[in-house]
Each structure stands twice: as structure tokens, then as C-alpha cells.
Amino acid sequence: MADNTVHVAAASASYNITIGAGVLKTAGARLKPLLASRKICIVTDAQVAKIHLIDTMKALEAAGFTPAPPIILPAGEETKSFDHLQYIIEKCLSYKLDRKSTLIALGGGVVGDITGFAAAMLLRGVPFVQIPTTLLAQVDSSVGGKTAINTKHGKNLVGAFYQPKAVLIDTETLTTLPERERRAGYAEIVKYALINDAAFFDWLEANGKAVLAGDVAALSEAVRVSCQSKADIVAADETETKDIRALLNLGHTFGHALEAIGKFDGRLLHGEAVGIGIKLAFDFSVALGLCPAEDAGKVARHLKNLELMTKAPFTAGADEVLEKMRGDKKAEDGKLTLILARGIGRSFVARDVDAAALAAFLQKNFVS
Ligand code: NAD
Ligand code: GLY
């Protein structure tokens, strides 16, 4: 099957996303014309390093690149921290990387987010490339230039908009991805359909199981459509100032609140939280009289049919969910902004959400 290319024309930079099976083996040849220096440094995590690091190094060396010793971080959300950011930057400085040297993020969204942020800051900005190896990172986090770390105050609260030079997506890397991680990534795929593409939702209803089973054609198509959808949104509103990119946060305000309550200890993955959040966003839209119950029912059935998580695996109190939601980045002057839906493919940014209605909705869905 031929590779697919999706072009991202963001205001600050444009670049291509290459999608195909086996792309990793030719990563060096693909990157050579794009990068000014042969000096690179791969940042990855311990789990991905075991499986994909050697092949990546070989592919880059074969094209004449001279990789610095790879920077290998612990796997998991806790790695998106100030401490690990400092570790990456100090390693890079000790390797005497210069302004043309390129950081290569090889891994999931955790590695991509922190490496991108390190690249944005190192020497006031060095080039970086995303080689995403989770489904979530291939359809979402590697595209669009949001980079960040977490703090004790919440997720992704410190970061930068900083676009990569290229995104290389090898769908074959997903064959080693645990099934749970695949399902978590799938939630971000459904998200695109629910934002503005009802036809894609119909396609997912027919092909979602094949996507999750790793069927090459179905998987490539789902990744291509998702990347195109994100590329279009990022081209229209790179820095989330026009109420367009914010739509990508469908399910995220509920989801981030649950992730924070779960303390990022592995019980609830980011993509799982997004799946639960999507269901809650549709149910709340129904409760406000905005969305037909039939559409919310279809969404809930789809998530259930594909065995996605639709309830937090721990007890959460309605008040603590509300409190965490108030700390969301989209909140303005203490007023909550949520992404709600008028139906499948008809999501919108809802400002100044009725706090009493939200509190009542949370009381019904969480422990009082
Ligand atoms: P992750 O990076 O933690 O990866 C999940 C797990 O899969 C890790 O243990 C990793 O080692 C392992 N793994 C990765 N690739 C593998 C492979 N091919 N085979 C076997 N194991 C593999 O999690 P994620 O779900 O990829 O990313 C979640 C992060 O992405 C969150 O921090 C979230 O905030 C962020 N995110 C960012 C954006 C953005 O626009 N920047 C968008 C969505 C999510
Ligand atoms: N995942 C949200 C964004 O990229 O804007």
C-alpha cells in the first residue's frame, strides 16, 4: 500500500505528515532533505527503546546522520515533568548540540510533548521531528505543535506552540502496542468524527473493529482522516484563539478532571479519560436540551461496542470533578468553557456554561 501524505499549513510553519507501514526503516532518507545538520539526538522512553530504538538509529545512520547517545526517559505520564525537561536539556547541552541539531521524539504523546517543549527552549529553539509510536500520538499529539509538561496544578499547564519539521508515522509500530493503549488512542479518532464529520462516524461504526484489530487498510485510513482533520483545524487556528482548535478538546475538560483525580497512576490513561469525557460531554449536551438523546445513545453504543472505557475505574466525587474542571485552561474569569454538541459531527465551544446545571449533572454521574 502506498504511503499517504498530509500537509500541515500552520501559520508559523508548514510540514508534511507521512503515513505508511514500514516508514521507520526509511526515516533517515526521508529526513535528510529536510534537516540542515546531520547531528541529531533521539529522545524516547524505556519501553519504546526496547522495541524500536535500534531500528530507528540504524535507519538514521544509514542516511549519514550522527546520533548523539539517545536520551531514554521512564515510560509514563509522570515523565512530563520539570525534572525530566531539565534532564533532556542538560543532556543536549552536554552533547554540544547546536542550533541546527535536531531532536527526534520517538514514542507516544508523553515523549512527543516533552521533547517538543525541550526543542522549543533549547538554545531558544532547535528543530524537532515527531516519530509517534502510539495510536494516540499518531492521530493527535504528534500533529499541530502543542508541546507541554504537567505540574502539580494540572496537566499541560506549561508548554509552547512549537511545530515539528516533519511527522513520520509508521503504522507497523502499532503491532507492538498493548491493546489497552490502542483503545485509548481510538477515543481521539472518534473525537474527530464527533467534532465535525458525521460521515467519518458512520465509517467508524462500520470499520472501528478493523481499526482496533490492526487491519492495515482500515488503520491507515483512520490515521489519515484523523491527521487531515487535525491539519485543517490547526491551519485555521494554530494557537487556539478563534474557537476552532478548542474543538479538539471535546471530552477533555471532563477527562482531564478525572485524570487528575486518578493522580496519573496508570489506572486511567489519557485516551481512556477522553473516551469517558466524550460520553459525558454528549450526555451533558442532552441534559441541556442541546443534543438529541438518540445521538448521545449512538455515541455511547459505539464506545461500548468497541470496549472503550465509559466510566472511571475509581470513585470520583461530583464536587472534586467540578473543582478540577474549574481549573481547566479554557476557563476564563472563573467561567467554564466546555466543548458541547448539537449532535454527531456538530460540536461547538460553549462559553459561560450554566454552573448549576453542570453541578446537577455531575451529582447524577458521580458520588455526591
Ligand atoms: P504514552 O506516551 O505514555 O505511551 C503509552 C505507553 O505505550 C507507554 O508506556 C509507552 O512506553 C508505550 N509505547 C509507546 N509506543 C509503543 C509501541 N509501539 N509498542 C509498545 N509500547 C509502546 O501515552 P500516549 O497515550 O501516547 O500519550 C498521552 C500523552 O499525550 C498525554 O500526556 C497527553 O496529554 C498527550 N497529548 C498531547 C496532545 C498534543 O496535542 N500535544 C494531544 C493528545 C494527547
Ligand atoms: N489535542 C488538542 C490540540 O492539539 O489542540
Side-chain angles (χ1 to χ4, degrees), residues 8 10 24 43-53 55-56 72-81 84 105-117 120 130-150 154-157 159-164 167 169-189 191-192 195 214 226-227 229-231 233-234 236-241 243-253 255-256 259-260 264 266 268-275 277 329-330 339:
V8 185
L24 197 60
V43 183
T44 188
D45 73 33
Q47 177 64 20
V48 177
K50 275 192 255 166
I51 313 170
H52 298 295
L53 180 58
D55 286 349
T56 311
I72 302 178
L73 307 169
E77 187 68 35
E78 284 183 354
T79 289
K80 269 175 61 173
S81 65
H84 288 102
L106 173 72
V110 164
V111 165
D113 279 11
I114 193 169
T115 306
F117 192 27
Q130 292 269 17
I131 306 186
T133 62
T134 63
L135 184 56
L136 183 140
Q138 295 192 350
V139 299
D140 191 355
S141 63
S142 65
V143 176
K146 271 193 184 175
T147 73
I149 55 168
N150 305 327
K155 255 180 83 82
N156 299 333
L157 292 182
F161 286 102
Y162 193 63
Q163 301 292 342
V167 182
I169 296 182
D170 186 343
T171 49
E172 251 174 31
T173 58
L174 301 180
T175 55
T176 59
L177 192 69
E179 208 173 302
R180 183 179 173 204
E181 296 288 350
R182 248 187 255 187
R183 286 189 207 292
Y186 186 89
E188 302 277 14
I189 297 180
K191 179 186 79 178
Y192 295 109
I195 289 174
S226 301
C227 287
S229 177
K230 184 147 186 190
I233 288 173
V234 169
D237 182 18
E238 181 180 10
T239 53
E240 210 167 303
T241 46
D243 274 3
I244 301 171
R245 187 165 184 165
L247 295 171
L248 292 170
N249 290 313
L250 175 65
H252 282 59
T253 307
H256 280 167
E259 273 188 281
F264 307 104
L268 183 65
L269 302 176
H270 174 72
E272 291 171 335
V274 169
K329 283 196 291 307
K330 292 184 296 311
I339 313 307

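Note that the coordinates shown come from a computational prediction; the quantities given were computed from them, not determined experimentally. Reckoned from all heavy atoms, side chains included, excluding hydrogens, waters and symmetry mates. First listed ligand is number 1; within each ligand, the first listed atom is number 1.
Contacts between Leu177 and ligand 1 below 4.0 angstrom, taking non-hydrogen atoms only, involve backbone and side chain alike. Only the side chain of Asn156 comes within 4.0 Å of ligand 1, counting heavy atoms alone; its backbone N, CA, C and O stay farther away. Of all the heavy atoms of Ile51, the ones lying under 4.0 Å from any atom of ligand 1 belong exclusively to the side chain. Under 4.0 Å from ligand 1, the heavy atoms of Lys230 that appear belong solely to its side chain. Contacts of His270 with ligand 1, taken as heavy-atom pairs under 4.0 Å, involve the side chain alone. The proximity of Ala75 to ligand 1, defined as any non-hydrogen pair under 4.0 Å, is limited to the side chain. Contacts with ligand 1 closer than 4.0 Å are made by side-chain heavy atoms of Asp113 only, the backbone lying farther away.
Remark: ligand 1 and Glu188 share no N or O pair separated by less than 3.5 Å (distance only, no angle test). Residue Thr147 has no N or O atom closer than 3.5 Å to an N or O atom of ligand 1. Backbone and side-chain nitrogen or oxygen atoms of Arg245 are examined, and none is located within less than 3.5 angstrom of a nitrogen or oxygen of ligand 1.
If you check each of Gly144, Pro178, Gly185 against atom 21 (N) of ligand 1, the one with the closest non-hydrogen atom is Pro178. One option in Thr173, Thr44, Val110, Leu73 has a heavy atom closer to atom 2 (O) of ligand 1 than any other, and that option is Val110. Among Asp45, Ile114, Leu136, the residue whose heavy atom sits closest to atom 25 (O) of ligand 1 is Leu136.
If you check which protein heavy atom lies closest to atom 43 (C) of ligand 1, you get Asp140 OD2, 3.5 Å. Here the heavy atom of the protein found nearest to atom 30 (O) of ligand 1 is Gly109 CA, 3.3 Å. Of all protein heavy atoms, the one closest to atom 33 (C) of ligand 1 is Lys155 NZ, 3.5 Å. For atom 38 (C) of ligand 1, the closest non-hydrogen atom on the protein side is Ser141 CB, 3.2 Å.
Not a single donor-acceptor pair under 3.5 Å links the side chain of Arg245 to the backbone N or O of Val234.
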Give me the pairs of N or O atoms, one from ligand 2 and one from the protein, that sit under 3.5 Å apart.
| from | atom 1 | to | atom 2 | distance (Å) |
| --- | --- | --- | --- | --- |
| ligand 2 | 1 (N) | Asp140 | OD1 | 3.3 |
| ligand 2 | 4 (O) | Lys230 | NZ | 2.6 |
| ligand 2 | 4 (O) | Arg245 | NH2 | 2.8 |
| ligand 2 | 5 (O) | Lys146 | NZ | 2.9 |
| ligand 2 | 5 (O) | Arg245 | NE | 2.7 |
| ligand 2 | 5 (O) | Arg245 | NH2 | 3.4 |

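Every residue meeting the side chain to side chain contact (heavy atoms under 4.5 Å, CB included) condition with Phe264, not counting sequence neighbours, appears here in chain and number order: Glu77, Lys155, Glu259. Evaluation of the side chain to side chain contact (heavy atoms under 4.5 Å, CB included) rule for Asp113 yields Lys80, Ser141, Asn156 as partners, not counting sequence neighbours. Partners of Thr79 according to the side chain to side chain donor-acceptor pair (under 3.5 Å) rule, which considers only residues two or more places apart in sequence or in another chain, do not exist here.
Using a 4.0 Å cut-off between a side-chain N of Lys or Arg and a carboxylate O of Asp or Glu, Lys191 and Glu188 qualify as a salt bridge.
Proximity to Thr176 (heavy-atom distance under 4.0 Å) selects the following atoms of ligand 1: 17 (C), 18 (N), 19 (N), 20 (C). Atoms of ligand 1 found under 4.0 Å from any heavy atom of Gln47 (numbered from 1 in listed order, with element): 11 (O), 21 (N). For ligand 1 and Lys80, the ligand atoms under 4.0 Å from any heavy atom of the residue are 31 (C), 32 (O), 33 (C), 34 (O), 35 (C).
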His52 vs Thr44, side chain to side chain donor-acceptor pair (under 3.5 Å): CA-CA, chis, key distance, verdict: CA-CA 9 Å; His52 298 295; Thr44 188; over 6 Å; no
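For the ligand labelled ligand 1, residue Arg182 lies outside the 4.0 Å heavy-atom shell.
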